[in-house]
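Step one of this worksheet: look at the structure below.
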Amino acid sequence: MSKSMLDYTKSVLKRVSFDVSLFCKELEKACKVLLPYEIEELASWLSKFIEEKPELQHSLLLIKN
């Protein structure tokens, strides 16, 4: 079974979450290639993922635009 682009994006974001700048770049790239419903799902996942990472809070703004 192949991984979806959304799953791939989540795994990349998890791996780069130590670097805010890199995280935001990867998030911006993902928003260009994901379908609208995938972006909604990613936004939901992201809000949970960054609860414990205050330095990444502003990244939610990237996904809303």
Side-chain angles (χ1 to χ4, degrees):
M1 185 173 164
S2 65
K3 280 180 89 171
S4 71
M5 195 63 195
L6 179 59
D7 289 336
Y8 174 75
T9 297
K10 289 177 188 177
S11 69
V12 169
L13 290 174
K14 287 177 189 174
R15 287 196 306 268
V16 300
S17 63
F18 68 93
D19 183 323
V20 176
S21 173
L22 194 52
F23 187 88
C24 289
K25 280 182 190 170
E26 290 298 332
L27 187 57
E28 286 174 339
K29 277 199 272 184
C31 288
K32 291 176 184 169
V33 297
L34 292 175
L35 298 171
Y37 78 93
E38 291 174 314
I39 292 175
E40 284 180 32
E41 206 176 309
L42 181 62
S44 175
W45 173 84
L46 188 60
S47 60
K48 291 181 186 82
F49 180 72
I50 63 176
E51 280 177 359
E52 302 296 318
K53 298 172 176 30
E55 68 279 8
L56 297 175
Q57 291 290 325
H58 74 281
S59 66
L60 267 180
L61 298 174
L62 295 173
I63 213 167
K64 303 281 186 222
N65 295 331

Could you state the interatomic distance from NE2 (His58) to CD1 (Ile50), rounded to the nearest 0.5 Å?
9.5 Å

How long is the gap from NZ on Lys32 to CG on Leu27, to the nearest 0.5 Å?
11.0 Å

Looking at Leu35, is its backbone amide N or carbonyl O close enough to the side chain of Glu38 to form a donor-acceptor pair, meaning the two atoms are under 3.5 Å apart?
yes

Where Leu60 and Ala43 come nearest, the two heavy atoms and their spacing
CD2-O, 4.1 Å

Could you grab the distance from atom OG of Ser17 to atom CG of Leu56, nearest 0.5 Å is fine?
6.5 Å

Quick check: closest heavy atoms across Ser59 and Leu46, and the distance to 0.1 Å?
OG-CD2, 4.1 Å

Which heavy-atom pair separates Leu42 from Ala30 by the least distance, and what is that distance?
CD2-CB, 4.4 Å

Between Ile63 and Cys31, which heavy-atom pair has the shortest distance, and what is it?
CG1-SG, 3.7 Å

How long is the straight-line distance from CZ of Arg15 back to CG of Leu22, given to the nearest 0.5 Å?
10.5 Å

Determine whether a donor-acceptor pair (N or O, by modelled atom type, separation under 3.5 Å) exists between the side chain of Glu41 and the backbone of Leu6.
no

Answer yes or no: is there an ion pair linking Glu26 with Lys29, defined by an N-O contact shorter than 4.0 Å?
yes

Does NZ or CZ of Lys53 come closer than 6.0 Å to the centre of the six-membered ring of Phe49, within 45° of the ring's axis?
yes

To the nearest 0.5 Å, atom CG of Leu62 lies from atom CZ of Phe23 at 9.0 Å

Please report the closest heavy-atom contact between Ser47 and Glu51, naming both atoms and the distance.
O-CG, 3.3 Å

